[in-house]
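Scroll down for the structure; my scribbles are underneath it.
The model shown is predicted, which means the values in this text are computed figures rather than measured ones. By convention in this document, chain letters (A, B, ...) are assigned in the order of the sequence lines, proteins followed by strands, and residues within each chain are numbered from 1. Hydrogens, waters and symmetry mates are skipped; everything else that's a heavy atom, side chains included, is used.
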Amino acid sequence: MKEKKLQNCGKCGLCLNACPVYKILKEEQVSPRAKLHLIKAHDQNTIASSAFLKEIISKCLMCGSCSAVCPSGIDHYSKFMEMRRKMGEAHGEAPAIKSLIYLLAREYRTGFGAGLARTGQKLVPAGLAKKFKLGNIPIKNFPELNPVPFRKAHDEVIFPKGKPAGRVIYFTGCATNYLYEDTGDAVIGILTHMGYEVVIPKTQTCCSIPLLFHGAKDRAMENITANIKALRDIEAEAVLVDCSTCGEALKNEYPRLFEPHDEHLVAAQDIALRVTDIISFINLHFDLLQFDPDITGKIPVTYHAPCHTRNTFSSHLTVEKILQAMPSVDYRQTPDSDQCCGGGGTFFYEYPEVSKKMVDKKIESAKAVEVSHWLTDCPVCRMNLAGNTEKKDGLTVLHPVTLIHAALKQI
Amino acid sequence: MLNTEVKTELIQIVGAAGYLDRPEELACYSYDAFVEEALPDAVIFPKTTDEVSKILKTAGRYKIPVTGRGAGTSVCGAPIPVRHGIVLCFSKMDKIIEVNTRDRYIIVQPGVVNADIQKALSPFGFFYPPDPGSMNSSTIGGNIAQNAGGPRCLKYGVTVDYVLGLEVVLASGDIIRFGSKNIKDVTGYKLSSLFCGSEGTLGIITEAILKVLPKPEAVKTLMVTFDDLDNTARAVTDIIGSGILPAAMELMDQLTLNAIEDSANLGLDRNAQGALLIEIDGVKEACDKEMKKIIEKLKENGAVHIQEAGSDIERDKLWTARRSAYGVFAKLAPDIVSEDVTVPVSKVPEMIRRIIEITERYGLRVGVLAHAGDGNMHPMIPADKGNIEEWQRVEKAFSEIFKAAADLDGTLSGEHGIGLAKSAYLPLVMNQSTINFMKKIKHAIDPDGILNPGKFV
């Protein structure tokens with residue numbers, strides 16, 4: 001539903017210290033408050049459109065932390081997305097961002113994997129990677145592609161042993177589908193261990209958040225309606241995501257994109273109600289988990305809370321609670337576990353110098369608590385954290401489900 | 001934009017990265033949380049006292065206005081550069097220089113955020129009492145320049161009570177240092193009182209030594225609702241009058257309560273006509289005893305519902321909601337004016353009655369919010385500045401509210417400062433000789449008037 005509530009920024013400035021970019025740069029123009037001011041000034045023609053204006057507007061992780069603290073209830077996402085669209089149209093996108101949008105927009109029709117296969121098992125076309133150095137992440141540190149896309153490698157319906165306790169839909173997202181099959185395997189392992197029947201609709205596709213955040217709304221809509229069609233008619237008690245950004249799309253963005261009378265609105269709202277992140281779902285049914293009593297010793301572990309996990313699902317505290325309750329884990333909190341890592345979709349590529357400062361701080365604190373595993377439930381955070389740590393740091397970055405799954409009793 | 005010669009000179013001082021003057025950037029330093037806007041010609045980010053001194057020398061030579069800024073959360077327009085010129089932004093001069101809880105002080109640069117001071121002190125079991133609503137964003141330089149207050153200043157006092165010493169750069173570029181690391185210090189004039197609340201018109205603060213306190217062992221927080229606003233206000237004067245000094249006593253009327261509830265979903269009673277958020281702290285046994293007395297007084301004044309925060313999380317929720325009150329009003333209209341007239345606490349019920357009478361007479365909505373325990377009222381009027389007729393009514397109403405406060409032995413501002421918002425009303429609470437005295441001080445140290453011109457002095 002499109003919100004038509006008053007959207008006035010009282011300029012109170014509470015968003016400043018919530019904004020990860022402001023906290024690093026300490027310059028008002030990058031703050032959420034300033035971006036709203038510039039958008040308004042641009043609408044009123046007191047500030048002209050310019051490449052520099054585009055740069056300021058896109059110096060943003062789209063993490064939603066500003067909206068989460070905003071007492072005036074401003075929907076920053078919609079305002080920023082619309083402005084990004086205008087700026088993208090007027091001043092173009094960087095070639096690498098264009099390629100990403102192109103690939104993701106084609107995901108539904110041709111499969112993203114086909115495009116990537118040609119590039120030799122790497123996430124990003126080698127030519128581009130070399131030329132643009134991909135932000136601050138050394139190319140060798142990028143994850144390899146799954147040998148076969150996850151959804152292709154699995155049946156559409158996976159049954160647990162015995163009579164199912166219930167049925168859930170698994171929205172895998174592109175990261176699990178193409179890069180992190182270990183996450184997907186763990187999700188299925190945990191759900192079937194709990195006795196759930198898991199449906200992985202074949203026709204699901206990219207959630208389109210990257211397209212929306214880069215202003216390519218028109219190209220995003222085809223993916224979005226495909227997803228709604230793929231999810232709406234399956235009876236299931238929950239639509240589960242292992243990526244909180246896909247979750248943010250399904251839960252908050254989809255219903256906002258349709259006009260009141262659009263045929264897809266009701267379905268989008270119904271899906272939104274059923275969307276849950278895998279962590280909250282595990283927590284809800286924690287009593288169904290049987291941990292393997294033969295595992296001795298505790299793995300020292302810390303956690304990085306992704307922005308969308310905090311701001312969309314508030315499940316970062318749940319992760320910590322689960323880790324503390326697990327017999328095989330020695331959970332060690334870092335004081336900045338809830339601070340942004342600077343990954344932010346393509347932010348690490350677009351603003352490497354800002355992103356690098358953010359991630360380096362995180363790595364220092366993770367090293368200080370002396371752990372072997374660093375868990376995070378967002379694939380971009382994972383890519384960013386893993387990509388910026390070195391071998392000698394001794395940190396394996398994983399989704400929390402992988403450790404949870406490994407601790408379960410075989411049944 | 002400044003001419004090339006000046007610009008080159010300034011860039012030589014701070015480097016190109018510390019100097020902004022593109023229109024997209026300047027627009028973002030034209031505002032604070034007040035309703036006015038004015039564009040600077042340049043924004044400069046100094047990192048050292050020496051740079052500030054050099055900048056002021058250059059600005060003085062060319063007679064360019066210089067307006068200090070921290071996070072721009074002032075609600076009276078203090079950092080708005082109404083005469084243009086340079087905005088000197090301290091957000092990057094943000095080092096905590098020394099934390100010394102043995103001697104009970106902390107030394108900070110002006111750009112340190114208030115909440116970061118609290119974070120630095122917390123592991124040692126200490127805190128810095130002034131807690132303005134903006135404390136998560138606002139900088140200590142701004143807090144000092146505005147002599148900021150906050151809810152718990154009822155018990156603990158305001159910023160000026162915690163400034164032990166300052167380093168200040170004068171308009172001439174001279175660097176002065178006064179005060180010391182000592183809690184007691186009567187060496188010469190108490191200059192910190194002069195610069196606290198000077199709103200950047202006398203000098204630029206570049207370092208501060210602040211007094212800190214050990215955290216109280218126990219904290220108790222109550223949320224109380226009433227079915228009558230007058231009773232709510234009387235409960236406040238009764239509690240304070242009986243000799244109890246809570247850390248904070250926040251009063252909210254129905255409009256405020258509902259605005260907060262809309263954004264925070266705390267389960268507050270939307271039908272309540274008035275509410276109090278009361279916090280007491282200290283030794284546990286003393287807190288229990290005070291709490292008993294407070295509850296007695298609340299009941300005598302017809303409190304309907306009294307609820308104690310059961311956990312730190314619940315307590316944080318209540319305070320987050322209270323701190324967001326200013327922002328939630330932005331939902332009600334395009335603009336919002338929040339004032340902070342202050343009256344002796346025994347006059348709080350009468351002041352509230354007058355605020356309501358005045359705003360009703362002008363056909364305006366008003367949210368009455370107050371740090372009621374110290375008589376610091378925050379009437380908030382949501383309105384549309386674009387609607388000239390309505391805006392005139394807002395201005396007239398506020399002018400009458402100021403007069404009413406003056407009648408009740410009150411004052412114009414308890415903690416926001418004068419800025420652009422209230423300079424015209426100074427004569428209500430100050431005679432001409434006093435205003436002239438302030439002008440003489442200003443003229444003596446800033447003869448060309450380059451520091452934050454266009455404000456109250």
Side-chain angles (χ1 to χ4, degrees), chain A residues 3 5-19 22-42 44-57 59 65-75 87 314 317 335-336 339 353, chain B residues 17 20 22-35 37 43 45 69-75 87 89-94 111 113-116 119 123 133-138 259-260 262-264 320-321 323-336 338 382 384:
Chain A
E3 290 189 30
K5 274 191 219 153
L6 262 185
Q7 292 271 307
N8 297 311
C9 170
K11 296 207 174 78
C12 67
L14 287 187
C15 55
L16 266 58
N17 227 28
C19 172
Y22 177 81
K23 275 196 283 192
I24 294 288
L25 294 177
K26 295 281 186 112
E27 294 182 2
E28 175 75 23
Q29 69 272 20
V30 300
S31 73
R33 169 173 72 170
K35 291 190 175 98
L36 292 176
H37 183 77
L38 289 172
I39 291 171
K40 197 172 169 189
H42 175 258
Q44 294 172 345
N45 294 319
T46 53
I47 285 280
S49 176
S50 67
F52 184 53
L53 183 61
K54 174 177 183 285
E55 185 189 323
I56 295 177
I57 296 296
K59 224 174 236 184
S65 297
C66 45
S67 300
V69 298
C70 178
S72 310
I74 294 200
D75 171 14
M87 293 292 104
S314 306
L317 299 175
D336 59 355
Q339 299 294 306
E353 69 297 340
Chain B
L20 311 180
R22 288 185 272 191
E24 295 87 346
E25 295 161 329
L26 296 179
C28 303
Y29 299 81
S30 65
Y31 56 75
D32 60 3
F34 186 57
V35 290
E37 285 171 27
V43 179
F45 293 89
R69 179 185 175 98
T73 55
S74 160
V75 285
V87 160
C89 189
F90 284 91
S91 52
K92 296 185 189 188
M93 194 165 159
D94 60 349
V113 171
N114 180 311
D116 290 336
K119 260 186 228 158
S134 60
M135 66 189 288
N136 283 330
S137 296
S138 64
I260 288 178
D262 284 345
S263 83
T320 304
R323 265 194 281 278
S324 65
Y326 178 78
V328 295
F329 271 80
K331 280 185 189 169
L332 302 178
D335 298 288
I336 166 166
S338 161
D384 181 357

The interface call for B:F34 against chain A, heavy-atom contacts under 4.5 Å, is neither
Using a strict threshold of under 4.0 Å (side-chain N to carboxylate O), is an ion pair present between A:E27 and A:K59? no
What part of A:L53 lies closer than 4.5 angstrom to a heavy atom of chain B: side chain, backbone, both or neither? both
Side chain to side chain donor-acceptor pair (under 3.5 Å) partner of A:S31, chosen from A:E28, A:K35, A:Q29, A:R33: A:E28
Under 4.5 Å from a heavy atom of chain B, the part of A:L38 involved: side chain
Rounded to the nearest 0.5 angstrom, the CD-NE2 distance for B:E24 and A:H42 is 10.0 Å
B:D335: salt bridge (Lys or Arg N to Asp or Glu O under 4.0 Å) partners, not counting sequence neighbours: none
Heavy-atom pairs under 4.5 Å with chain A: which of B:G72, B:A321, B:G111 has the most? B:G72
At a heavy-atom distance under 4.5 Å, which candidate from B:C89, B:S30, B:A71, B:P23 has the highest pair count against chain A? B:A71
Counting only N and O atoms by type, is there a donor-acceptor contact under 3.5 Å from the side chain of B:S137 to the main-chain atoms of A:G13? yes
Using modelled atom types and a 3.5 Å cut-off, is there a donor and acceptor pairing between side-chain atoms of A:N8 and backbone atoms of B:A333? yes
Report which part of B:L20 has an atom under 4.5 Å of a heavy atom belonging to chain A: side chain, backbone, both, or neither. side chain
A:I56, part contacting chain B, at a heavy-atom distance under 4.5 Å: side chain
Sort out for me which of B:D116, B:V43, B:T73 touches chain A most, counting heavy-atom pairs under 4.5 Å. B:T73
